[in-house]
Amino acid sequence: MGRRHPRRTTLTRLLLAPAVAAGVALGLTSAPAQAAVWSTCDQWGNTSLDGYTLYNNIWGSGAGHQCLTADSGTKWSVRADHPDTSGIKSYPNAKKVVGKPVDSLASLKSSYKVAVPSAGDYNTSYDIWDTDYDYEIMLWVNRHGNVGPLGTPQGTARLGGHTWDVYKGSNGNNEVFSFLRTSDSSTGTVDILPILKWIKNTKGWMGNETIGDVQFGYEISGAAGGLDFRTNALSTAFRAR
């Protein structure tokens, strides 16, 4: 798990916005490449774009260098150079704020399209928090290298359009529920609400919590030499009852 507010620690541990730009070519001409509208190499660099908060979020010990560059709130990239040592170094992400209790939501879905490296230690994940930061729900859509979830296995579940290996644990500050997609994906849609209802109603692991942040990004443990992570499209949307 990647961290931001409050402090946490999940990975091997010791341990997904509206968007989809379409390019149109007319005859032999093509539109010029879109210029970046914001970038940062600051540890806690952040900005708001198109209804999302982008956050460089280099929070782990032993981190190296990392920069986030955005064309929009839903199209952005990260260049990370972190040593291949144990522990999470960063979780660069885009956040959508929901602010609704689980039972008041009629829908909560997200779509993603990413390009990730074939080297390094990382996962691409949603990180979902309640407003009190008592519960953390992670949805890993792909992973590579020496990474793993916090907690103990709870079996496999088919939810939200995907099949997941489920883990449950605690980092001492909050309960962590991790869902690891059984096959890696670089593009897809996750129906998040059925996952939240499964945790609440089927398993009884939490009550009718108010969902605060729905973050999507890359939990990076190692990226020695410099690796690129690209979010080519992201869309997170919800509807209340």
Side-chain angles (χ1 to χ4, degrees), residues 1-6 8 10 16-22 46-55 57 70-76 91-114 123-142 157-164 166 174-181 185-219 231-241:
M1 68 234 215
R3 190 39 267 121
R4 331 17 23 178
H5 341 284
R8 63 107 150 231
T10 316
L16 213 168
V20 182
N46 64 91
T47 194
S48 295
L49 286 172
D50 310 308
Y52 295 81
T53 298
L54 296 175
Y55 193 12
N57 195 25
D71 295 336
S72 69
T74 61
K75 185 177 182 181
W76 47 275
Y91 180 66
N93 68 86
K95 177 181 75 175
K96 171 78 76 173
V97 176
V98 176
K100 302 290 182 182
V102 174
D103 287 348
S104 75
L105 287 168
S107 66
L108 174 55
K109 296 183 179 182
S110 188
S111 298
Y112 59 92
K113 183 177 182 181
V114 302
N123 66 69
T124 303
S125 56
Y126 289 92
D127 201 9
I128 302 163
W129 294 88
D130 68 302
T131 51
D132 294 327
Y133 296 101
D134 293 324
Y135 300 96
E136 178 181 18
I137 298 122
M138 296 206 73
L139 313 177
W140 294 24
V141 298
N142 63 57
R158 176 73 182 176
L159 296 163
H162 305 272
T163 302
W164 315 88
V166 184
N174 48 265
E175 297 296 309
V176 182
F177 312 130
S178 298
F179 293 72
L180 279 61
R181 200 177 187 276
S185 171
S186 61
T187 184
T189 298
V190 180
D191 191 351
I192 298 172
L193 186 56
I195 298 174
L196 301 178
K197 289 185 173 181
W198 185 82
I199 294 170
K200 172 184 174 291
N201 299 329
T202 303
K203 305 303 290 186
W205 291 344
M206 71 179 188
N208 187 28
E209 300 294 327
T210 298
I211 301 303
D213 303 345
V214 177
Q215 304 165 352
F216 178 83
Y218 309 95
E219 191 171 62
T231 301
N232 293 314
L234 175 65
S235 174
T236 301
F238 64 92
R239 180 170 54 87
R241 294 186 181 281

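Both backbone and side-chain heavy atoms feed into the values below; hydrogens, waters and symmetry mates do not.
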ask   = So do Val98 and Leu105 actually touch side chain to side chain, heavy atoms under 4.5 Å?
value = yes
request  = Answer yes if the side chains of Asn142 and Ser185 hold a donor-acceptor pair under 3.5 Å, and no otherwise.
outcome  = no
ask   = Would a 4.5 Å heavy-atom cut-off, applied to side chains only, mark Ile195 and Phe179 as touching?
value = yes
message = Can you give me the closest heavy-atom contact between Ser110 and Thr236, atom names plus distance?
response = OG-OG1, 2.8 Å
key: Thr131 OG1 to Ile211 CD1 distance, which is reported to the nearest 0.5 Å   = 8.0 Å
key: Shortest non-hydrogen contact from Ala94 toward Gly73   = CB-O, 4.0 Å
request  = Would you give the length of the straight line joining atom OG1 of Thr74 to atom NZ of Lys113, rounded to the nearest 0.5 angstrom?
outcome  = 12.5 Å
request  = Please tell me if the side chains of Pro92 and Asn57 come closer than 4.5 Å, counting only heavy atoms from C-beta onward.
outcome  = no
ask   = Are the side chains of Phe177 and Met138 in touch, meaning some heavy atoms are under 4.5 Å apart?
value = no
query = Between the side chain of His162 and the main-chain N/O of Gly188, is any donor-acceptor distance below 3.5 Å?
reply = no
ask   = Can you tell me how far NZ of Lys100 sits from CZ of Arg239, rounded to the nearest 0.5 angstrom?
value = 12.5 Å
inquiry  = Would the distance check show the side chain of Asn46 and the main-chain N or O of Leu54 forming a donor-acceptor pair, the cut-off being under 3.5 Å?
reply    = no
request  = Kindly assign one of parallel, tilted or perpendicular to the pair Trp76 and Tyr218, based on the angle between their ring planes and the thresholds 30° and 60°.
outcome  = perpendicular
key: Short side-chain donor-acceptor distance under 3.5 Å, Arg241 and Ser104   = no
ask   = With a 4.5 Å limit on heavy-atom distance, are the side chains of Val102 and Met206 in contact?
value = yes
key: Side-chain touch Val190/Leu139, heavy atoms, less than 4.5 angstrom   = yes
query = Do we see a donor-acceptor contact under 3.5 Å between the side chains of Thr47 and Tyr55?
reply = no
request  = List for me each residue that meets salt bridge (charged side-chain N to carboxylate O under 4.0 Å, His left out) alongside Lys200, sequence neighbours excluded, and say none if there are none.
outcome  = Asp103
Test item: Val114 and Asn232 side chains (from C-beta on) under 4.5 Å apart, heavy atoms = no
request  = May I ask you to test the Ser72-Asp50 pair for a side-chain heavy-atom distance under 4.5 Å?
outcome  = yes
key: Value rounded to 0.5 Å, distance of OG in Ser125 from CZ in Arg181   = 14.0 Å
ask   = Where do Trp129 and Gln215 land on the side chain to side chain contact (heavy atoms under 4.5 Å, CB included) test, with the steps shown first?
value = CA-CA 8 Å; Trp129 294 88; Gln215 304 165 352; 3.8 Å; yes
inquiry  = To the nearest 0.5 Å, what is the distance between CD1 on Ile192 and NZ on Lys197?
reply    = 13.5 Å
inquiry  = The test is side chain to side chain contact (heavy atoms under 4.5 Å, CB included); show your working for Ile137 and Trp205 and say whether it passes.
reply    = CA-CA 11 Å; Ile137 298 122; Trp205 291 344; over 6 Å; no
message = I need the minimum non-hydrogen distance between Ser111 and Thr189, along with the two atoms involved.
response = OG-OG1, 2.7 Å
query = In chain order, what residues pass the salt bridge (charged side-chain N to carboxylate O under 4.0 Å, His left out) check against Asp191, with sequence neighbours excluded?
reply = none
inquiry  = Val141 vs Tyr112, test: side chain to side chain contact (heavy atoms under 4.5 Å, CB included). Steps then yes/no.
reply    = CA-CA 10 Å; Val141 298; Tyr112 59 92; 3.7 Å; yes
query = For Asp127 and Tyr91, what are the C-alpha separation, side-chain angles and deciding distance, and is it a side chain to side chain contact (heavy atoms under 4.5 Å, CB included)?
reply = CA-CA 10 Å; Asp127 201 9; Tyr91 180 66; 3.5 Å; yes
ask   = Side chain of Asp71, backbone of Lys75: donor and acceptor closer than 3.5 Å?
value = no
key: For Thr202, all residues meeting side-chain contact (heavy atoms from CB on, under 4.5 Å), sequence neighbours excluded   = Trp198
query = Between the main-chain N or O of Leu159 and the side-chain N or O of Trp164, is there a donor-acceptor pair closer than 3.5 Å?
reply = yes
